Protein chains: 2
Amino acid sequence: MRKQRHQTYTCCPLEAALDVMGSKWKATILFRLLDGTRRFNELRRLMPNVTQRMLTIQLRELEADGMIRRKVFPEVPPKVEYSLSELGRTLEPLLRELYQWGQTHIQRRLPGAATEPPSGSNERDARAPSN
Amino acid sequence: MRKQRHQTYTCCPLEAALDVMGSKWKATILFRLLDGTRRFNELRRLMPNVTQRMLTIQLRELEADGMIRRKVFPEVPPKVEYSLSELGRTLEPLLRELYQWGQTHIQRRLPGAATEPPSGSNERDARAPSN
DNA sequence: TCATATAGTATCAAATTATATACTGTGAGG
DNA sequence: CCTCACAGTATATAATTTGATACTATATGA
(Lines give C-alpha, C1' and ligand atoms only; values in the text may rest on other atoms or scores of the structure.)
Protein backbone atom coordinates (compact mmCIF):
# COMPACT_ATOMS: atom_id res chain seq x y z
CA MET A 1 0.00 0.00 0.00
CA ARG A 2 2.64 2.44 0.99
CA LYS A 3 4.12 4.33 -1.80
CA GLN A 4 7.77 4.85 -1.37
CA ARG A 5 7.42 8.27 0.10
CA HIS A 6 10.29 7.62 2.38
CA GLN A 7 12.79 6.82 -0.29
CA THR A 8 13.26 10.25 -1.65
CA TYR A 9 14.64 12.21 1.21
CA THR A 10 18.01 10.65 1.24
CA CYS A 11 19.36 14.13 0.92
CA CYS A 12 17.91 16.08 3.76
CA PRO A 13 15.79 16.08 6.88
CA LEU A 14 13.89 18.98 5.42
CA GLU A 15 12.25 16.68 2.96
CA ALA A 16 11.70 14.12 5.64
CA ALA A 17 9.71 16.67 7.54
CA LEU A 18 7.75 17.83 4.55
CA ASP A 19 7.18 14.28 3.53
CA VAL A 20 5.30 13.76 6.73
CA MET A 21 3.23 16.91 6.81
CA GLY A 22 3.80 18.74 3.58
CA SER A 23 1.05 17.29 1.45
CA LYS A 24 -2.09 19.11 0.59
CA TRP A 25 -4.23 17.98 3.49
CA LYS A 26 -1.91 16.62 6.11
CA ALA A 27 -0.88 19.90 7.60
CA THR A 28 -4.48 20.94 7.87
CA ILE A 29 -5.47 17.68 9.47
CA LEU A 30 -2.70 17.93 12.01
CA PHE A 31 -3.64 21.50 12.63
CA ARG A 32 -7.22 20.54 13.31
CA LEU A 33 -6.14 17.84 15.66
CA LEU A 34 -4.19 20.33 17.73
CA ASP A 35 -7.53 21.20 19.26
CA GLY A 36 -8.11 17.65 20.37
CA THR A 37 -9.57 14.35 19.38
CA ARG A 38 -11.85 14.28 16.38
CA ARG A 39 -14.03 11.69 14.75
CA PHE A 40 -13.83 11.01 11.08
CA ASN A 41 -16.91 12.89 10.05
CA GLU A 42 -16.08 15.71 12.38
CA LEU A 43 -12.87 16.24 10.49
CA ARG A 44 -14.80 16.00 7.29
CA ARG A 45 -17.10 18.76 8.37
CA LEU A 46 -14.15 20.86 9.47
CA MET A 47 -12.54 20.43 6.08
CA PRO A 48 -15.34 20.49 3.55
CA ASN A 49 -13.02 20.55 0.57
CA VAL A 50 -11.36 17.26 1.19
CA THR A 51 -13.11 14.20 -0.12
CA GLN A 52 -13.85 11.23 2.03
CA ARG A 53 -11.36 9.20 0.11
CA MET A 54 -8.58 11.73 0.45
CA LEU A 55 -9.24 12.18 4.11
CA THR A 56 -9.06 8.45 4.66
CA ILE A 57 -5.84 8.15 2.72
CA GLN A 58 -4.16 11.03 4.43
CA LEU A 59 -5.22 9.84 7.85
CA ARG A 60 -3.86 6.38 7.15
CA GLU A 61 -0.57 7.79 6.02
CA LEU A 62 -0.31 10.01 9.02
CA GLU A 63 -1.06 7.02 11.17
CA ALA A 64 1.54 4.91 9.39
CA ASP A 65 4.06 7.65 9.99
CA GLY A 66 3.19 7.68 13.66
CA MET A 67 1.88 11.21 13.62
CA ILE A 68 -1.62 10.41 14.74
CA ARG A 69 -3.45 7.73 16.64
CA ARG A 70 -6.54 6.02 15.39
CA LYS A 71 -8.88 4.51 17.89
CA VAL A 72 -11.67 2.32 16.69
CA PHE A 73 -14.68 1.72 18.88
CA PRO A 74 -16.31 -1.60 18.09
CA GLU A 75 -19.72 -0.10 17.94
CA VAL A 76 -22.36 0.27 15.41
CA PRO A 77 -22.62 2.72 13.83
CA PRO A 78 -18.87 2.82 13.67
CA LYS A 79 -16.90 5.28 15.71
CA VAL A 80 -13.29 6.14 15.08
CA GLU A 81 -11.37 8.77 16.92
CA TYR A 82 -8.28 10.47 15.67
CA SER A 83 -5.79 12.28 17.81
CA LEU A 84 -2.23 13.46 17.68
CA SER A 85 0.43 11.08 18.85
CA GLU A 86 3.37 12.19 20.92
CA LEU A 87 5.33 12.58 17.74
CA GLY A 88 2.55 14.53 16.13
CA ARG A 89 2.48 16.84 19.09
CA THR A 90 6.09 17.76 18.48
CA LEU A 91 5.00 19.41 15.27
CA GLU A 92 2.74 21.83 17.08
CA PRO A 93 5.12 24.79 17.25
CA LEU A 94 6.14 24.26 13.68
CA LEU A 95 2.57 24.12 12.48
CA ARG A 96 1.72 27.27 14.35
CA GLU A 97 4.72 29.07 12.95
CA LEU A 98 3.90 27.92 9.48
CA TYR A 99 0.40 29.21 9.97
CA GLN A 100 1.77 32.44 11.32
CA TRP A 101 4.14 32.82 8.43
CA GLY A 102 1.34 32.31 5.98
CA GLN A 103 -0.73 34.92 7.74
CA THR A 104 2.02 37.46 7.92
CA HIS A 105 3.55 37.05 4.52
CA ILE A 106 0.87 35.82 2.20
CA GLN A 107 -1.97 38.03 3.18
CA ARG A 108 -4.02 37.43 0.12
CA ARG A 109 -7.54 37.38 1.28
CA LEU A 110 -9.66 35.71 -1.28
CA PRO A 111 -13.24 36.88 -1.71
CA GLY A 112 -14.65 34.71 1.02
CA ALA A 113 -11.70 34.68 3.36
CA ALA A 114 -12.03 37.32 5.99
CA THR A 115 -8.71 37.56 7.73
CA GLU A 116 -8.09 41.16 8.63
CA PRO A 117 -4.58 42.35 7.99
CA PRO A 118 -2.82 42.95 11.30
CA SER A 119 -1.85 46.59 11.01
CA GLY A 120 0.25 48.06 8.24
CA SER A 121 -1.69 46.53 5.43
CA ASN A 122 1.23 46.26 3.09
CA GLU A 123 0.72 43.09 1.17
CA ARG A 124 4.24 42.57 0.05
CA ASP A 125 6.93 43.61 2.45
CA ALA A 126 5.59 42.67 5.80
CA ARG A 127 8.92 41.74 7.28
CA ALA A 128 8.23 41.63 10.92
CA PRO A 129 10.16 38.87 12.64
CA SER A 130 13.75 37.80 12.75
CA ASN A 131 15.41 40.05 10.31
CA MET B 1 1.92 29.03 -17.39
CA ARG B 2 1.04 29.41 -13.80
CA LYS B 3 -1.14 26.72 -12.54
CA GLN B 4 -3.66 27.89 -10.04
CA ARG B 5 -1.63 26.94 -7.06
CA HIS B 6 -2.91 29.90 -5.19
CA GLN B 7 -6.55 29.04 -5.46
CA THR B 8 -6.73 26.27 -2.98
CA TYR B 9 -5.70 27.79 0.27
CA THR B 10 -8.80 29.79 0.88
CA CYS B 11 -9.09 27.91 4.10
CA CYS B 12 -5.83 28.47 5.85
CA PRO B 13 -2.50 30.22 5.85
CA LEU B 14 -0.90 26.89 6.58
CA GLU B 15 -1.55 25.79 3.06
CA ALA B 16 -0.48 29.14 1.73
CA ALA B 17 2.88 28.60 3.36
CA LEU B 18 3.23 25.05 2.15
CA ASP B 19 2.11 26.09 -1.26
CA VAL B 20 5.12 28.30 -1.49
CA MET B 21 7.77 26.01 -0.10
CA GLY B 22 6.19 22.64 0.49
CA SER B 23 6.88 20.97 -2.81
CA LYS B 24 9.51 18.39 -3.36
CA TRP B 25 12.36 20.63 -4.38
CA LYS B 26 11.45 24.10 -3.27
CA ALA B 27 12.34 23.68 0.34
CA THR B 28 15.68 22.24 -0.62
CA ILE B 29 16.36 25.03 -3.07
CA LEU B 30 15.54 27.66 -0.50
CA PHE B 31 17.64 25.83 2.02
CA ARG B 32 20.59 25.84 -0.32
CA LEU B 33 20.17 29.50 -0.98
CA LEU B 34 20.39 30.26 2.71
CA ASP B 35 24.12 29.94 2.24
CA GLY B 36 24.16 32.62 -0.39
CA THR B 37 23.87 33.27 -4.06
CA ARG B 38 24.13 30.33 -6.41
CA ARG B 39 24.32 29.90 -10.12
CA PHE B 40 22.03 27.52 -11.91
CA ASN B 41 24.48 24.73 -12.42
CA GLU B 42 25.86 25.17 -8.95
CA LEU B 43 22.41 24.37 -7.60
CA ARG B 44 22.23 21.49 -9.97
CA ARG B 45 25.41 20.04 -8.62
CA LEU B 46 24.22 20.57 -5.09
CA MET B 47 21.03 18.69 -5.86
CA PRO B 48 21.98 15.87 -8.19
CA ASN B 49 18.56 14.27 -8.04
CA VAL B 50 16.61 17.10 -9.53
CA THR B 51 16.46 17.32 -13.28
CA GLN B 52 17.32 20.46 -15.14
CA ARG B 53 13.75 20.94 -16.15
CA MET B 54 12.39 20.54 -12.66
CA LEU B 55 14.99 22.87 -11.26
CA THR B 56 14.07 25.48 -13.83
CA ILE B 57 10.39 25.14 -13.12
CA GLN B 58 10.75 25.29 -9.39
CA LEU B 59 13.07 28.27 -9.59
CA ARG B 60 10.62 30.10 -11.79
CA GLU B 61 7.78 29.43 -9.44
CA LEU B 62 9.79 30.53 -6.48
CA GLU B 63 10.66 33.67 -8.39
CA ALA B 64 7.03 34.25 -9.32
CA ASP B 65 6.11 33.91 -5.69
CA GLY B 66 8.72 36.44 -4.76
CA MET B 67 10.76 34.02 -2.73
CA ILE B 68 13.94 34.31 -4.73
CA ARG B 69 15.63 36.74 -7.05
CA ARG B 70 16.98 35.84 -10.42
CA LYS B 71 19.75 37.92 -11.85
CA VAL B 72 20.77 37.40 -15.42
CA PHE B 73 24.18 38.54 -16.56
CA PRO B 74 24.19 39.34 -20.27
CA GLU B 75 27.33 37.39 -20.89
CA VAL B 76 28.28 34.46 -22.89
CA PRO B 77 28.34 31.78 -21.76
CA PRO B 78 25.22 32.73 -19.83
CA LYS B 79 25.34 33.45 -16.16
CA VAL B 80 22.34 33.52 -13.89
CA GLU B 81 22.47 34.01 -10.19
CA TYR B 82 19.79 33.01 -7.77
CA SER B 83 19.43 34.38 -4.30
CA LEU B 84 16.81 34.68 -1.62
CA SER B 85 14.60 37.72 -1.64
CA GLU B 86 13.63 39.57 1.49
CA LEU B 87 10.51 37.48 1.63
CA GLY B 88 12.47 34.30 1.10
CA ARG B 89 14.74 35.27 3.96
CA THR B 90 11.79 35.36 6.31
CA LEU B 91 11.48 31.63 5.84
CA GLU B 92 14.93 31.01 7.20
CA PRO B 93 13.98 30.19 10.79
CA LEU B 94 11.14 28.03 9.62
CA LEU B 95 13.35 26.13 7.22
CA ARG B 96 15.93 25.54 9.89
CA GLU B 97 13.32 24.35 12.34
CA LEU B 98 11.85 22.07 9.75
CA TYR B 99 15.29 20.71 9.11
CA GLN B 100 15.86 20.33 12.82
CA TRP B 101 12.56 18.58 13.30
CA GLY B 102 13.40 16.13 10.57
CA GLN B 103 16.74 15.44 12.14
CA THR B 104 15.42 14.98 15.61
CA HIS B 105 12.31 13.00 14.86
CA ILE B 106 12.98 11.12 11.68
CA GLN B 107 16.53 10.05 12.24
CA ARG B 108 16.66 7.50 9.52
CA ARG B 109 20.00 7.94 7.97
CA LEU B 110 19.98 6.06 4.76
CA PRO B 111 23.21 4.51 3.53
CA GLY B 112 24.33 7.34 1.33
CA ALA B 113 22.88 10.20 3.27
CA ALA B 114 25.48 12.64 4.37
CA THR B 115 24.28 16.18 4.76
CA GLU B 116 26.67 17.58 7.27
CA PRO B 117 24.83 17.34 10.57
CA PRO B 118 25.48 20.81 11.99
CA SER B 119 26.56 20.16 15.53
CA GLY B 120 24.64 18.37 18.24
CA SER B 121 23.80 15.30 16.28
CA ASN B 122 21.29 13.57 18.42
CA GLU B 123 21.89 9.85 18.13
CA ARG B 124 18.45 8.50 18.86
CA ASP B 125 17.21 5.19 17.73
CA ALA B 126 16.08 5.28 14.18
CA ARG B 127 12.97 3.29 13.56
CA ALA B 128 13.75 0.63 11.08
CA PRO B 129 12.85 1.71 7.58
CA SER B 130 9.82 -0.39 6.86
CA ASN B 131 9.76 -0.41 3.13
C1' DT C 1 -40.23 -0.05 4.27
C1' DC C 2 -37.33 3.72 3.81
C1' DA C 3 -34.02 7.09 4.97
C1' DT C 4 -30.16 8.48 7.96
C1' DA C 5 -25.69 8.30 10.05
C1' DT C 6 -21.34 6.04 10.66
C1' DA C 7 -16.58 5.09 8.57
C1' DG C 8 -15.12 3.78 5.31
C1' DT C 9 -13.99 0.96 -0.16
C1' DA C 10 -13.96 0.54 -5.08
C1' DT C 11 -13.48 2.46 -9.60
C1' DC C 12 -12.50 5.54 -12.82
C1' DA C 13 -11.05 10.09 -14.47
C1' DA C 14 -8.49 14.28 -14.14
C1' DA C 15 -4.91 17.11 -12.61
C1' DT C 16 -0.48 17.66 -10.97
C1' DT C 17 4.32 16.60 -10.55
C1' DA C 18 8.47 14.36 -12.05
C1' DT C 19 11.62 12.15 -15.37
C1' DA C 20 14.19 11.19 -19.68
C1' DT C 21 15.95 12.74 -23.67
C1' DA C 22 17.21 15.66 -27.14
C1' DC C 23 17.97 20.21 -28.58
C1' DT C 24 19.36 25.61 -28.67
C1' DG C 25 23.45 29.20 -29.27
C1' DT C 26 27.79 30.94 -28.08
C1' DG C 27 32.79 31.06 -26.79
C1' DA C 28 36.76 28.66 -25.34
C1' DG C 29 40.03 24.80 -25.57
C1' DG C 30 41.98 21.08 -27.95
C1' DC D 1 36.45 20.11 -36.57
C1' DC D 2 34.82 18.25 -32.15
C1' DT D 3 33.66 18.83 -27.56
C1' DC D 4 32.65 21.13 -23.36
C1' DA D 5 30.14 24.31 -20.19
C1' DC D 6 26.48 27.49 -19.61
C1' DA D 7 21.33 28.10 -18.80
C1' DG D 8 18.11 26.81 -20.29
C1' DT D 9 13.62 24.75 -24.00
C1' DA D 10 10.82 21.28 -26.15
C1' DT D 11 8.61 17.08 -26.26
C1' DA D 12 6.92 13.00 -24.64
C1' DT D 13 6.10 10.01 -21.02
C1' DA D 14 5.59 8.14 -16.35
C1' DA D 15 4.27 8.43 -11.69
C1' DT D 16 1.78 10.36 -8.21
C1' DT D 17 -1.95 12.86 -6.18
C1' DT D 18 -6.52 14.41 -6.13
C1' DG D 19 -11.34 14.27 -7.28
C1' DA D 20 -16.20 12.41 -8.41
C1' DT D 21 -19.23 9.03 -7.83
C1' DA D 22 -21.21 5.02 -6.28
C1' DC D 23 -21.14 1.42 -3.04
C1' DT D 24 -20.66 -1.50 1.65
C1' DA D 25 -22.74 -2.90 6.51
C1' DT D 26 -25.48 -2.10 10.51
C1' DA D 27 -28.46 0.11 13.97
C1' DT D 28 -31.81 3.49 14.82
C1' DG D 29 -35.99 6.10 13.97
C1' DA D 30 -40.13 7.39 11.40
Side-chain angles (χ1 to χ4, degrees), chain A residues 1-11 15 18-29 37-65 68-83, chain B residues 1-11 15 18-29 33 37-65 68-83 131:
Chain A
M1 283 313 123
R2 306 291 312 282
K3 35 190 177 99
Q4 60 281 56
R5 286 181 297 121
H6 297 305
Q7 303 296 56
T8 35
Y9 58 74
T10 324
C11 37
E15 289 180 20
L18 288 172
D19 192 52
V20 133
M21 44 69 82
S23 82
K24 189 169 181 185
W25 304 111
K26 283 180 186 170
T28 309
I29 293 172
T37 294
R38 295 273 180 220
R39 295 180 62 177
F40 184 82
N41 274 2
E42 264 185 298
L43 280 172
R44 214 143 92 81
R45 279 186 289 268
L46 287 169
M47 306 163 57
N49 295 326
V50 65
T51 59
Q52 206 170 22
R53 179 183 134 85
M54 268 301 112
L55 187 52
T56 303
I57 291 174
Q58 302 301 309
L59 284 168
R60 291 296 149 83
E61 286 187 7
L62 284 168
E63 191 196 1
D65 285 336
I68 64 174
R69 258 192 305 260
R70 177 168 178 271
K71 189 172 180 190
V72 183
F73 295 81
E75 305 174 2
V76 68
K79 177 177 172 181
V80 180
E81 281 185 355
Y82 293 94
S83 57
Chain B
M1 279 309 119
R2 304 292 311 283
K3 38 193 171 92
Q4 60 281 58
R5 286 182 297 122
H6 297 305
Q7 304 296 58
T8 35
Y9 57 73
T10 323
C11 39
E15 289 181 19
L18 287 172
D19 191 52
V20 134
M21 45 69 83
S23 81
K24 188 170 183 187
W25 304 112
K26 283 180 186 169
T28 309
I29 293 171
L33 290 180
T37 295
R38 295 273 181 220
R39 295 181 63 176
F40 184 81
N41 274 2
E42 265 185 297
L43 281 173
R44 214 143 92 81
R45 277 186 291 268
L46 287 169
M47 306 163 57
N49 295 325
V50 65
T51 59
Q52 207 171 21
R53 182 180 134 84
M54 266 302 113
L55 186 52
T56 302
I57 291 174
Q58 302 302 309
L59 284 168
R60 292 296 149 84
E61 287 187 4
L62 284 169
E63 191 196 1
D65 285 336
I68 65 175
R69 258 191 305 259
R70 179 169 177 270
K71 188 172 181 188
V72 183
F73 295 80
E75 304 173 3
V76 69
K79 177 177 172 181
V80 179
E81 281 185 355
Y82 292 94
S83 57
N131 274 346

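Fair warning: this is a prediction, and the values are worked out from it, not measured in the lab. Naming convention: chains lettered A, B, ... in sequence-line order (proteins, then strands); numbering from 1 in each chain.
Among all heavy-atom pairs drawn from Thr37(B) and Ser83(B), the shortest one is OG1-CB, 3.5 Å. When all heavy atoms of Glu63(B) and Ile68(B) are compared, the closest pair comes out as N-CG1, 3.6 Å. In terms of heavy-atom proximity, Ala27(A) sits nearest to Leu18(B) at CB-CD1, 3.3 Å.
Side-chain proximity of Asn41(A) to the nucleotides dC6(D), dA7(C), dG19(D) is greatest for dA7(C).
What separates CG of Leu46(A) from P of dA7(C) is a distance of 13 Å, to the nearest Å. Residue Glu63(A) contributes atom CD, which lies 15 Å from atom P of dA7(C) at whole-angstrom precision. One interatomic measurement links the two molecules: CD of Glu81(B) to C1' of dC6(D), which rounds to 13 Å at whole-angstrom precision. One atom, CD1 of Ile29(A), and another, C1' of dA7(C), lie 15 Å apart when rounded to the nearest Å. Atom P of nucleotide dA18(C) and atom CG of Leu55(B) are separated by 12 Å, given to the nearest angstrom. Rounded to an integer number of Å, the gap from Ile57(B) CD1 to dA10(D) P is 11 Å. In this structure, Arg38(A) places its CZ atom 17 Å from C1' of dT6(C), rounding to the nearest Å. Atom CD of Glu75(A) is separated from atom C1' of dT28(D) by 14 Å (rounded to the nearest Å).
Pairs engaging residues 51-60 of chain A under the side-chain hydrogen bond (donor to acceptor under 3.5 Å, both in side chains) rule: Ser23(A)-Gln58(A) [sequence neighbours left out]. For residues 71-81 of chain B, the set of pairs meeting the side-chain hydrogen bond (donor to acceptor under 3.5 Å, both in side chains) definition, not counting sequence neighbours, is empty.
Contact annotation: Arg44(B) side-chain N/O to dA7(D) OP1/OP2 distance is not under 4.0 Å. In this structure, Arg45(B) does not reach the dA5(D) phosphate: none of its side-chain N or O atoms is under 4.0 Å from OP1 or OP2. OP1 and OP2 of dA7(C) both lie 4.0 Å or more from every side-chain N or O belonging to Arg60(A). OP1 or OP2 of dG8(D) lies within a sub-4.0 Å distance of a side-chain N or O belonging to Arg70(B).
Residue Tyr82(B) is classed as a sugar-phosphate contact, given heavy-atom separations below 4.0 Å to backbone atoms only. Within 4.0 Å (heavy atoms only), Glu42(A) reaches no atom of the nucleic acid at all. At a threshold of 4.0 angstrom between heavy atoms, the contacts of Gln58(B) are confined to the sugar-phosphate backbone, with no base atom among them.
Each of Val50(B) and Thr56(A) lies near DNA chain C, and the nucleotide nearest Thr56(A) is the one positioned closer to the 5' end.
Each of Leu62(B), Val80(B), Leu59(B) was scored for a side chain to side chain contact (heavy atoms under 4.5 Å, CB included) with Arg70(B), with one residue passing: Val80(B).
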Strictly under 3.5 Å: I want the nitrogen or oxygen pairs between protein and nucleotides 22-30 of chain C, one per line.
none

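Rounding to the nearest 0.5 Å gives a distance of 12.0 Å between CE of Met21(A) and CG of Asp65(A). Taking CG from Asn49(A) and CE from Met54(A), the interatomic distance works out to 13.5 Å, rounded to the nearest 0.5 Å. Note that CZ of Arg69(B) and CG of Leu33(B) are 11.0 Å apart. Values are rounded to the nearest 0.5 Å.
Annotation: the terminal axes of the helix from dT1(C)-dA30(D) to dG30(C)-dC1(D) meet at 20°, where each axis is the rotation carrying the C1' atoms of four end pairs onto the next four (5 pairs per end, rounded to 10°).
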Please set out all donor-acceptor pairs under 3.5 angstrom arising from side-chain atoms of residues 41-48 of chain B, sequence neighbours excluded.
residue: Asn41(B); atom: OD1; partner: Arg44(B); partner atom: NE; Å: 3.4
residue: Glu42(B); atom: OE1; partner: Arg39(B); partner atom: N; Å: 2.7
residue: Glu42(B); atom: OE2; partner: Arg38(B); partner atom: NH1; Å: 3.3

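A donor-acceptor contact under 3.5 Å is not formed by the side chain of Arg53(A) with the base of dT9(C).
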